[in-house]
Amino acid sequence: MRICVIGSGISGLTTATKISEHKSVEVTVLEQARHFGGRADVDVDGEHCPRFFMDDYTELFSILGTIEGQDGRSVRSALLNARRLSHTHTSGWVEISHLYRLLAREIPITERITLARQWRPSPLVADQQGRNANRFGSLRDYSPVGLLRMARNLVRSKTGYVLPGPTDVYLIDPWLRDLRRRGVSLEADRRVTNLAQHGSHVAVTTAMGTEVFDVVVVTAFVPDLVNLLDASKIDHIAVDSGNTHCVAYTIQLDPREKVLADASPAMYCRDGVNILVQPGHDRCVVLCTMATRTDPDHVLAKVRSYLELDRDLVSVRCRVNQRPGEAVFVGDYVRSDRLLRRPMRGLYFAGSAIHNSYPIDAAEGAVRSALAAVRAIRRDYDLEVAR
């Protein structure tokens, strides 16, 4: 049985991992970019964002526990507990025990009330002049349901984990090695341009021609999914909306900086600038979400100030996540069983924007949707027991 997985993000890699466990299954992963990982990749401009795993990523942790990492341990075992620091007006930087600072007992209740009252949407998301007035999206991109899911999850989650260093080194590369050992074919620079029913199978067209598969699982991000379904003339209800964009900086620090003295990774959050310090690799990854400005002069000045840096930065890479595939999905989920107006034999969907049991768009949601797709394939094709 031939199965094609379109997309190599966390959802695509999960699908390939779980479906390859079955006998007599040949799995091919097609990735449109020149490198694998989807939004978990690392390109010449650095990281897509600080990779942060919350304590309820149960299904993702289960998958990562089966993948051998850099030092022989599993990828899951390599994850480190991240210290989280929030800035207060009275005490400066305070290490907090909760992901959500308004619930952190280390911050006095009076100051938490002040923080809540002072919150204002920044110009980057305020939508002052209409939808998407500036290139980094708008507050209107967030659906009320999506905001409620995010708030509920922040309240429930208390601990976060991070990778020791670069996402490709500690997550994507080990995962790809594991898939190759399983016999999975991984093909980059293979943009799929058309899908078509071919009897009870699905024909997949790329620049290299057309191949026929028994099953196709599309894990493309929403904008790419919509384009593919439209190009294939497949009647669907998916809408390319509800996305916002961000800027991330990957900064190499001088190893003599004081902030690197503590071996534990730490997340510093202040004024919409989120800084993940990874001492094991003398670096930090900065994500600008609600910041008033995202230009290098402004952001790097904030980083130097917040981390109390004394020396020149070794290197700075800036990744402006403007391409559709790099957006952050903040709308409502799309239900895979209702995505197509007419069912198409052999075609399945997964991804962080596909309906699943996780409350917010995240890596865990991508994994859960992939597992749901694999269960559906097992049911529909009565696959043999796992290897």
Between [X] and [Y] (side chain of the first, backbone of the second, donor and acceptor by atom type, cut-off under 3.5 Å), is there such a pair?
X	Y	answer
Thr66	Ile63	yes
Glu187	Thr28	no
Glu257	Asp310	yes
Arg335	Asn356	no
Thr219	Ala350	no
Glu31	Ala33	yes
Ser369	Gly351	yes
Gln278	Asp282	no

Report yes if some heavy atom in the side chain of [X] is under 4.5 Å from a heavy atom in the side chain of [Y]; otherwise report no.
X	Y	answer
Val192	Val218	no
Met1	Ser24	no
Leu80	Ser264	no
Val367	Phe61	no
Glu68	Arg177	no
Glu21	Val374	no
Cys288	Val299	yes
Leu13	Ser8	yes

Salt-bridge contact [X]-[Y] (side-chain N to carboxylate O under 4.0 Å):
X	Y	value
Asp41	Arg319	yes
Arg182	Asp178	yes
Glu211	Arg190	yes
Glu59	Arg368	no

Got a sec: does the [atom1] of [X] have more than 12 other heavy atoms crowding it under 6.0 Å?
X	atom1	value
His35	NE2	yes
Arg34	CZ	no
Arg180	CZ	yes

(message) If hydrophobic clusters are built by linking Ile, Leu, Val, Met, Phe, Trp and Tyr wherever their side-chain heavy atoms come under 4.5 Å apart, do Leu371 and Leu383 end up in the same one?
(response)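 Same hydrophobic cluster.
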
(message) Taking the six-membered ring for Trp, are His281 and Tyr170 closer than 6.0 Å centroid to centroid?
(response)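 Yes, the ring of His281 comes within the 6.0 Å limit of the ring of Tyr170, centre to centre.
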
(message) For Tyr249 and Cys284: C-alpha separation, side-chain torsions, deciding distance, then whether side chain to side chain contact (heavy atoms under 4.5 Å, CB included) applies.
(response) CA-CA 8 Å; Tyr249 290 83; Cys284 65; over 6 Å; no

(message) So which atom in Phe221 and which in Ser352 form the shortest heavy-atom distance, rounded to 0.1 Å?
(response)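 Shortest heavy-atom separation between Phe221 and Ser352 comes out as CE1-OG, 4.4 Å.
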
(request) Take Arg2 and Val212 through the test side chain to side chain contact (heavy atoms under 4.5 Å, CB included) and record every step on the way to the result. (result) CA-CA 8 Å; Arg2 300 189 71 212; Val212 177; 5.6 Å; no

Output side-chain donor-acceptor pairs under 3.5 Å for residues 46-54, partner residues at least two apart or in another chain, one line each.
| residue | atom | partner | partner atom | Å |
| --- | --- | --- | --- | --- |
| Glu47 | OE1 | Thr167 | OG1 | 2.7 |
| Glu47 | OE2 | Thr167 | N | 3.0 |
| Glu47 | OE2 | Thr167 | OG1 | 3.4 |
| Glu47 | OE2 | Arg283 | NH2 | 2.8 |
| His48 | NE2 | Glu326 | O | 3.0 |
| Arg51 | NH2 | Arg39 | O | 2.8 |

(message) Nearest 0.5 Å, please: how far is CD1 in Ile6 from CG in Leu347?
(response)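 Here the rounded value is 7.5 Å.
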
(message) Would Thr15 and Val29 count as a side chain to side chain contact (heavy atoms under 4.5 Å, CB included) here? Give the steps.
(response) CA-CA 10 Å; Thr15 302; Val29 177; over 6 Å; no

(request) Report the C-alpha distance between Asp214 and Tyr381 in whole Å, list the side-chain angles of each, state the deciding distance to 0.1 Å, and finish with yes or no for side chain to side chain donor-acceptor pair (under 3.5 Å). (result) CA-CA 10 Å; Asp214 298 287; Tyr381 290 87; over 6 Å; no

(request) Might you work through the side chain to side chain contact (heavy atoms under 4.5 Å, CB included) test for Glu308 and Val259, ending with a clear yes or no? (result) CA-CA 8 Å; Glu308 298 182 353; Val259 73; over 6 Å; no

